[in-house]
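Indexing begins at 1, ligand by ligand and atom by atom, following the structure's order.
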Amino acid sequence: MQQVNLGMIGGGTVGGGVYKALRENGDLLASRAGVRIHLIKIAAKAFDEPRKVHIPHSLLTTDWKSVVEHPEVQVVAELAGGTTVARDMILTALRLGKPVVTANKALLSAHGEELFAAARQFGANLYYEASVAGGIPIIKALREGFIGNRIVRLYGIVNGTCNYILTRMKEEGAEFADVLADAQRLGYAEAEPSLDIDGHDSLHKIGILASLAHGFWVDPARIHCEGIRDLARLDLEFAGRLGYTIKLLGVVKLMGAAVGRARGKTRSRLVQVAVYPALVPNAHVLASVSHSFNAVFVRGDVVGDTLFYGRGAGQDPTASAVLSDLADAALDLKYQTRSRIPPFVPHERDGQVLPMAEAVSRYYLRLSVVDRPGVLAKVAAVLARNRIGISSVIQPEGHEGESVPLILMIHDAPNRAMTRALGQINRLSVVKAAPVMIRVENFE
Ligand code: HSE
């Protein structure tokens with residue numbers, strides 16, 4: 001059977017997982033693909049790093065260049081992470097015409113266009129299934145399964161740490177800071193958690209999915225991003241009473257063709273791409289995606305609604321995605337079809353991201369107000385002045401102290417109007433703390 005030689009960079013969690021999966025399922029993969037993946041070298045930070053999976057010293061080196069430049073290495077897997085040396089690793093391999101498999105979402109988000117251009121220039125492919133939602137084959141689904149669909153909507157729960165924290169806040173009625181501290185103690189959250197909890201990891205992933213779905217590279221700087229650090233136990237509780245669950249969502253919505261202002265009368269594809277916590281109706285399938293699981297909901301104009309669910313991180317799920325890419329890379333080498341599925345095809349020249357100020361949605365608003373007649377009228381007057389309609393109001397009884405919570409559900413309104421109204425509400429003397437605004441997703 002034909003064999004393809006693999007050089008791997010990264011002997012940590014993901015590298016160890018790929019080593020183990022190849023050892024255990026390499027024969028299975030070979031019998032299905034008709035080509036065997038032969039791991040010949042692994043570059044690691046050190047020979048004696050603590051590893052869950054033992055890697056024989058004979059396979060290890062600490063010199064990544066010697067792996068990439070090894071004359072027998074035909075495919076390189078970059079599983080080291082980071083956005084500086086990892087970029088050099090990938091570019092070095094591509095310049096040598098060697099296809100690369102990577103799990104590195106932060107790198108793709110920051111340097112995707114450059115890396116894809118290099119792949120094109122040097123006739124080598126770049127595969128990145130493991131970069132988004134771990135073991136869920138969402139990249140393959142978008143590039144191949146849905147190639148005949150216009151992607152109308154895509155919603156992703158793509159950060160397991162946030163989903164784990166939100167699930168526990170809801171189930172235990174606990175505050176964010178307490179759950180985060182416990183998650184860090186249990187190893188579910190990083191010691192430096194901001195990449196996850198401030199939404200940046202979700203932004204990297206949702207930017208990759210949005211780009212693939214819409215055929216123009218979405219500049220990460222244009223993706224509106226809010227994390228979960230400001231959510232309170234009360235918000236999950238009130239959302240629950242109203243029939244919703246709060247999830248951190250990555251949102252990609254095709255808004256239709258718009259007349260591009262910058263290009264005169266050119267028609268451009270306008271897409272909303274954003275990451276924010278949202279109230280998800282309990283009847284929607286994404287509301288029941290709990291703990292550290294990920295899910296991606298895709299609506300295509302031909303296929304209709306589809307759902308992908310699974311583990312978005314961890315040694316084995318990530319290894320599963322890397323193996324899928326390795327099989328593709330090996331098959332492309334075997335059949336000399338290096339660019340059968342190019343890493344990214346920019347086919348939408350005039351794609352644009354909708355400015356968040358123009359995005360329209362429903363809202364949940366939690367105010368902390370003095371308990372006095374006329375307060376609701378003052379708040380309602382501000383909303384009315386901004387042409388914003390209220391759909392329901394709750395003021396729970398039994399709260400004691402200076403201020404009480406006031407919950408308003410708001411009809412569809414543009415973000416710009418809502419932001420302006422919130423500023424005005426915040427200045428009312430009867431309002432005692434900064435208003436909390438969370439979007440409500442209706443999945444239409
Ligand atoms: N830290 C991520 C998560 C996994 O919690 O889902 C890696 O992207």
> What part of Asp201 sits under 4.0 Å from ligand 1 if we count only heavy atoms: the side chain, the backbone, both or neither?
Replying inline: side chain
> Which part of Glu190 is near ligand 1, with near meaning a heavy atom under 4.0 Å away: side chain, backbone, both or neither?
Replying inline: neither
> Given Asn294, Ile157, Thr161, Asn163, which one has a non-hydrogen atom that is nearest to atom 5 (O) of ligand 1?
Replying inline: Thr161
>> If you take the nearest heavy atom of each of Asp196, Val14, Ile197, which one is closest to atom 2 (C) of ligand 1?
In response: Asp196
[X] side chain to [Y] side chain, donor-acceptor N/O pair below 3.5 angstrom:
| X | Y | value |
| --- | --- | --- |
| Tyr276 | Glu441 | yes |
| Asp332 | Tyr127 | yes |
| Ser131 | Glu129 | no |

>> Using a strict threshold of under 4.0 Å (side-chain N to carboxylate O), is an ion pair present between Arg87 and Glu114?
In response: yes
>> Salt bridge or not between Asp219 and Arg222? Use side-chain N to carboxylate O under 4.0 Å.
In response: no
Per-atom contacts of ligand 1 with [X], taking only distances under 4.0 Å to non-hydrogen atoms:
| X | answer |
| --- | --- |
| Asn159 | 2 (C), 3 (C), 5 (O), 6 (O) |
| Lys105 | 7 (C), 8 (O) |
| Lys205 | 2 (C), 4 (C), 6 (O), 7 (C), 8 (O) |

> Of all the non-hydrogen atoms in the protein, which one sits nearest to atom 6 (O) of ligand 1, and at what distance?
Replying inline: Gly160 N, 2.7 Å
> In the protein, which heavy atom is nearest to atom 4 (C) of ligand 1, and how far is it?
Replying inline: Ala313 CB, 3.6 Å
> Are the aromatic rings of Phe297 and His284 close, with centres under 6.0 Å apart?
Replying inline: yes
>> Taking the ring centre of each residue, are Phe216 and Phe344 less than 6.0 Å apart?
In response: no
